[in-house]
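In what follows, chains carry the letters A, B, and so on, assigned in the order in which the sequence lines appear, proteins first and then strands, with residues in each chain numbered from 1.
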Amino acid sequence: MLSRLTHLVSCKEASRLLSQRQDRTLALAERVKLALHLSVCIACTRFARQLVVVRRAMARYGTQDD
Amino acid sequence: MDADPFAAELDAHRRYLLRVARLQLRDGDLAEDVVQETLVAALAGRQGFSGRSTVRTWLTGILKHKIVDAIRQKQRRPIAAAELDEEADLEALDPLFADGGAWQTPPTSWGDPESALSQQEFMEVLERCLERLPPATARVFAMREILELSTDEICKELTITANNLWVILYRARMALRQCLEQHWFAAKPRG
């Protein structure tokens, strides 16, 4: 069952990996676990997109005009 | 020579540089000094400006080095490990996840974030959210996301471990994401 696979990695753990993905290259095993979790978790999929928005917002904040 | 047009062009970026330096150093006077040094260095090293990047990008590059120097010189007050530990404790009071590791409050849809990024009001909300971060956490986060220093550089400058850094950045992103959701994406009903 797909729902059981999500338990391989919790949302808490997935959120940590998603953040670290912006700071380091994840190991293959971590990428696999994360992909499996994201494939069945809407909340973490949203979170993943939002982290990208946060990063882009910060980059823009650093270069915006006065 | 006051009439130097290049000097005038550099000066036009002063406010922007100050904003970046203040966020980074959390010290108004020191930020002024660092920006002044940056502009002086830029003027002296104008040959170094290749024209391939914008003036602002070039200035930001110089500012980055001046900020790192300033942090290094301020060894009396580096980002203390104790300060970061204290901030970690504060965060623990408001758990984001239930015991089993599920979201306490799952992230909601942000609709069309592209339009937010182009709005000045959104940038103001972002600024207020950044100001709410614990100070040491905010400084580390700005080093990473605004100055775009590598994690190696940051760890070396602050003498913290990579693990420690990942936790700090994680905390900053979680808090910022939550703040933006509350004060922008959820607060603005979109038709």
With rounding to the nearest 0.5 angstrom, report the OG to CZ distance, Ser150(B) to Arg24(A).
15.0 Å

How close do Ala43(A) and Pro106(B) get, counting heavy atoms only, and between which atoms?
CB-CB, 3.9 Å

Atom CZ of Arg132(B) with >12 non-hydrogen neighbours under 6.0 angstrom
no

Turns out that what part of Thr151(B) lies under 4.5 Å from chain A's heavy atoms comes down to side chain

Quick one: are Met58(A) and Leu130(B) in side-chain contact, heavy atoms under 4.5 Å?
yes

Decide yes or no for Glu181(B) and Arg46(A): does some side-chain heavy atom of the first lie under 4.5 Å from some side-chain heavy atom of the second?
no

Enter the distance from Trp103(B):CH2 to Cys44(A):SG here, rounded to the nearest 0.5 Å.
5.5 Å

With the 4.5 Å side-chain cut-off for hydrophobic clustering, are Val125(B) and Ile146(B) part of the same group?
yes

Pro107(B) and Gln50(A) have their tightest heavy-atom pair at CB-OE1, 3.6 Å

Just verifying a value: how many Å separate Leu51(A) CG and Arg177(B) CZ, rounded to the nearest 0.5 Å?
8.5 Å

Nearest heavy-atom contact between Glu148(B) and Ala59(A) is OE2-CB, 4.3 Å

Single-linkage hydrophobic cluster Val167(B)~Leu158(B), side-chain heavy atoms < 4.5 angstrom
no

Would you kindly confirm whether Leu176(B) and Trp184(B) end up in one hydrophobic cluster when ILVMFWY residues are joined by side chain heavy atoms under 4.5 Å apart?
yes

Salt bridge present between Glu114(B) and Arg56(A) (N-O < 4.0 angstrom):
yes

With no hydrogens and no angle check, do the side chains of Tyr61(A) and Glu127(B) hold a donor and an acceptor under 3.5 Å apart?
yes

Partner set under side-chain hydrogen bond (donor to acceptor under 3.5 Å, both in side chains) for Ser19(A), not counting sequence neighbours
Arg173(B)

Reported OG1-to-CD1 distance for the pair Thr108(B) and Ile42(A), which is rounded to 0.5 angstrom:
13.0 Å

When the 4.5 angstrom heavy-atom criterion is applied to Thr45(A) and chain B, the contacting part is neither

Less than 4.5 Å to any heavy atom of chain A: does that hold for the side chain of Leu165(B), its backbone, both, or neither?
neither

Under 4.5 Å heavy-atom distance to chain A, tell me which part of Leu180(B) shows up: side chain, backbone, both or neither.
side chain

Shortest non-hydrogen contact between Ala102(B) and Cys11(A), atoms and distance:
CA-CB, 4.2 Å

Do you know which of Thr57(B), Val20(B), Leu23(B), Leu126(B) has the most heavy-atom pairs with chain A at a distance under 4.5 angstrom?
Leu126(B)

I want to check a possible cation-pi pair here: Arg16(A) against Trp166(B), using under 6.0 Å from ring centre and within 45° of the ring axis as the test.
no

Interatomic spacing from CD in Glu13(A) to CZ in Phe97(B) - rounded to 0.5 Å
10.0 Å

Pairwise side-chain contact, Tyr170(B) with Leu17(A), heavy-atom cut-off 4.5 Å (strictly under):
no

Set of side-chain hydrogen bond (donor to acceptor under 3.5 Å, both in side chains) partners for Glu124(B), sequence neighbours left out
none

Under a 4.5 Å side-chain heavy-atom rule over Ile, Leu, Val, Met, Phe, Trp and Tyr, are Val52(A) and Leu34(A) clustered together?
no

Please answer: with hydrophobic residues joined when any side-chain heavy atoms are less than 4.5 Å apart, are Leu25(B) and Val40(B) in the same cluster?
no

Distance, nearest 0.5 Å, that separates CE of Met123(B) from CZ of Arg60(A):
5.5 Å

